[in-house]
Amino acid sequence: MSIQSTRHPAPPASPARAPQPDRPRPALSRRALLAGTAAGAVGLSLAACGKSKKTDSKTVTVVTHDSFHVSEDLMKAFTSETGYTLKVATSGDAGALVNKLVLTKDAPLGDAVFGIDNTYASRALDQGVIDTSATVTLPQDAEGYVVADTPALAPIDVGDVCLNIDTGYFTGKGLTPPATFEDLTKPEYKGLLVAINPTNSSPGMAWLLATIGHFGAGSFADYWKQLVSNDLRIAEDWTSAYETDFSGGGKGTYPIVVSYASSPSFTVSDDGASSSTSALLDTAFRQVEYAGVLKGAANPEGGKAFVEWMLSKAVQEDIPGQMYMYPVLPDAALPEALTKFGPLSSAPVSVEPKEITAHREEWLNTWTGAVGK
């Protein structure tokens, strides 16, 4: 088994979310790379920890992960429609983002937050980071993603972390592709899988949770030991796994990788008729991203306006092309490539957010022991 360094990656770039302390989002963010565009109009400002500063009542500061992207015309529309100027403070990935918000909750870094996911949502609520009085009206289909009966942390988009395969590799070898978690322990798939360090990466953490939800808290370690015996490789972050090690995304030699269910919509042929990769939807864990108003915000009304804007149809329909996630608005139009080659799982593995918060460190320690890190 090959395990990359556990040092925290430099602020990144890539298609799955860039890394920083807790959960990686590759610098060129998966979303940015896949969409091939960036929100150039977004003013990037990283607020300093410490005393909060009075902000102009017409300015809304949003603290978010490094992969936040919205089309420039929509950014302008937000200002013209609400009268607020939007400033974006990037803070790494979901884990780094929540940790920073907790450490600065007595002097909030902004007015609103986007990018807290369901692996950290309970912690953000328990630590009093979110203004639970600032609620918004949610689309009906989004209500099932609400954490702790608190719609103040509003679901914005969803995506499935799962295994991806290089279909050409298996066709060329005359080998039937794996389909389930259990398949990966079979000898015919020895040395073919690259997973991601969950202590370093949000996609890595999501897939660890997929194995916990599937096998159970008492048995997932045995499964990882079997993967190690089958020559599992563990990459430091999504970028290394997908763009370097994966034969379907880079020049690597591993035809199976942990990525997103939407990733095959990025490897579509020029004529749009096929994709060179596919997702194993029976190995998926659903990731949900939330937005909310920060408790103690200098401009709570502006923060609420931002959350409502993120749920507007225009922004919801922009999300798939900019961040390659699925919007929670049920009638939002979706890109054809996404629906054809990157559908969500019909039955993703789930783990309750409260359970994740209560056992995260325990599970990570167990995983570390199982893989010999």
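Of the possible donor and acceptor atoms, one in the side chain of Thr357 sits under 3.5 Å from a partner among the backbone N and O of Pro353. With hydrogens and angles ignored, the 3.5 Å screen pairs no side-chain donor or acceptor of Thr239 with any backbone N or O of Asp237. Between the Gln316 side chain and the Met310 main chain, a donor and an acceptor come within less than 3.5 Å of each other. For the pair Asp117 (side chain) and Gln287 (backbone), a donor-acceptor distance under 3.5 Å is absent. The main-chain N or O of Val194 is never found under 3.5 Å from a side-chain atom of Asp245 such that the two would form a donor-acceptor pair. Looking at Thr85, its side chain never comes within 3.5 Å of a backbone N or O of Thr59 through a donor-acceptor pair. Panel note: side chain Tyr326, backbone Leu338; a donor-acceptor pair is recorded below 3.5 Å. Between the side chain of Thr244 and the backbone N or O of Ala241 there is no donor-acceptor pair closer than 3.5 Å. Thr171 contributes no side-chain N or O that, together with a main-chain N or O of Gly168, makes up a donor-acceptor pair within less than 3.5 Å. Listed for the Ser263 side chain is a donor-acceptor partner under 3.5 Å among the backbone atoms of Tyr260.
There is no side-chain donor-acceptor pair under 3.5 Å between Glu301 and Tyr84. Residues Thr211 and Trp224 have side chains that bring a donor and an acceptor to within less than 3.5 angstrom of each other. With 3.5 Å as the limit, one finds no donor-acceptor pair spanning the side chains of Thr368 and Asn365.
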(request) Start with the C-alpha distance between Lys354 and Asp126, add both sets of side-chain angles, then the distance that settles side chain to side chain contact (heavy atoms under 4.5 Å, CB included), and finish with yes or no. (result) CA-CA 10 Å; Lys354 283 188 176 180; Asp126 291 345; 5.9 Å; no

(request) Run the numbers on Glu236 and Asn197 for side chain to side chain contact (heavy atoms under 4.5 Å, CB included), then give the verdict. (result) CA-CA 5 Å; Glu236 181 180 359; Asn197 186 344; 5.6 Å; no

(request) Check the pair Ile116 / Leu101 against side chain to side chain contact (heavy atoms under 4.5 Å, CB included), numbers first and verdict last. (result) CA-CA 10 Å; Ile116 294 174; Leu101 293 177; 4.3 Å; yes

(request) Step by step, work out the side chain to side chain contact (heavy atoms under 4.5 Å, CB included) result for Val102 and Tyr120. (result) CA-CA 11 Å; Val102 170; Tyr120 284 93; over 6 Å; no

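At a threshold of 4.0 Å, the pair Lys186-Asp183 counts as salt-bridged, since one of the basic side-chain nitrogens sits closer than that to a carboxylate oxygen.
Counted within 6.0 Å of CD on Glu336, heavy atoms from surrounding residues, nucleotides or ligands total 12 or fewer; the atom is thus considered open. The local environment of CD in Glu352 is sparse, with at most 12 non-hydrogen atoms from other residues, nucleotides or ligands closer than 6.0 Å. Within 6.0 Å of atom CG in Asp271, more than 12 heavy atoms from other residues, nucleotides or ligands are found, so the atom counts as buried in its surroundings. For Lys295, the NZ atom is loosely surrounded, since the number of other residues' heavy atoms within 6.0 Å does not exceed 12. For NZ of Lys190, the number of neighbouring non-hydrogen atoms (other residues, nucleotides, ligands) closer than 6.0 Å is greater than 12.
Atom OG of Ser67 sits about 12.0 Å away from atom CD of Gln322, to the nearest 0.5 Å. Atoms OG and OH, on Ser265 and Tyr324 in that order, are 4.0 Å from each other to the nearest 0.5 Å. With rounding to the nearest 0.5 angstrom, the CG atom of Leu311 is 10.0 Å from the CG atom of Asp157. One distance of note links CG of Asp231 with CZ of Arg233; it measures 12.0 Å at 0.5 Å rounding. One finds the NZ atom of Lys105 at 12.5 Å from the CG atom of Leu294 (value rounded to the nearest 0.5 Å). In this structure, NE2 on His214 lies 14.5 Å from CG on Leu209, to the nearest 0.5 angstrom.
Residues Phe341 and Ile165 do not share a hydrophobic cluster, clusters being chains of Ile/Leu/Val/Met/Phe/Trp/Tyr side chains in contact below 4.5 Å. Hydrophobic cluster membership is shared by Ile196 and Ile356, with clusters built from Ile, Leu, Val, Met, Phe, Trp and Tyr side chains linked at under 4.5 angstrom. Leu329 and Ile319 are assigned to two separate hydrophobic clusters, defined by single-linkage of ILVMFWY side chains at heavy-atom distances under 4.5 Å. Clustering ILVMFWY residues whenever any of their side-chain heavy atoms sit less than 4.5 angstrom apart, transitively, puts Val98 in the very cluster that holds Tyr145.
Contact annotation: the side chain of Ile212 never approaches that of Trp367 to less than 4.5 Å [non-hydrogen atoms, C-beta and beyond]. Under the 4.5 Å side-chain criterion, counting only non-hydrogen atoms from C-beta, Phe215 is in contact with Glu182. Counting heavy atoms from C-beta outward, Thr185 and Tyr223 have side chains that approach closer than 4.5 Å. Residues Trp207 and Thr283 have side chains in contact (heavy-atom distance under 4.5 Å, counting atoms from C-beta outward). Side-chain contact between Phe78 and Val315 is absent, with no heavy atoms from C-beta onward closer than 4.5 Å. Taking 4.5 Å as the limit, some side-chain heavy atom of Tyr189 sits within range of a side-chain heavy atom of Leu175. Val158 places a side-chain heavy atom less than 4.5 Å from the side chain of Val328. Residues Leu364 and Met205 form a side-chain contact, since some pair of their non-hydrogen atoms from C-beta on lies under 4.5 Å apart.
Just one of Thr64, Val113, Asp66, Leu109 meets the side-chain contact (heavy atoms from CB on, under 4.5 Å) condition when paired with Leu97; it is Val113. For the side-chain contact (heavy atoms from CB on, under 4.5 Å) test with Ser278, the passing option among Leu163, Thr167, Asp166 is Thr167; the others fail.
Pairing each heavy atom of Pro264 with each of Ala261, the nearest pair is CD-O, 3.2 Å. The two residues Leu334 and Pro327 come nearest to each other via the heavy atoms CD2-CD, 3.6 Å. Smallest separation of non-hydrogen atoms from Pro178 and Ile256: CG-CD1, 3.8 Å. Shortest non-hydrogen contact noted between Asp111 and Val60 is OD2-CA, 3.5 Å. Across Ser247 and Pro255, no two heavy atoms sit closer than the pair OG-CA, 3.4 Å. When all heavy atoms of Tyr290 and Ala121 are compared, the pair lying nearest together is CE1-CB, 4.2 Å.
Ser345 meets the side-chain contact (heavy atoms from CB on, under 4.5 Å) test with Asp160, Leu281, Ala284, Arg286, Pro348; sequence neighbours excluded. With sequence neighbours left out, the side chain to side chain donor-acceptor pair (under 3.5 Å) criterion links Thr277 to Thr267.
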Please output the side-chain donor-acceptor pairs of residues 128-140 that fall under 3.5 Å, not counting sequence neighbours, one pair per line with the distance.
{"from": "Asp131", "atom 1": "OD1", "to": "Ser133", "atom 2": "N", "distance (Å)": "3.0"}
{"from": "Asp131", "atom 1": "OD1", "to": "Ser133", "atom 2": "OG", "distance (Å)": "2.6"}

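Ring pair Tyr242/Phe246 is tilted by interplanar angle, where 30° to 60° counts as tilted.
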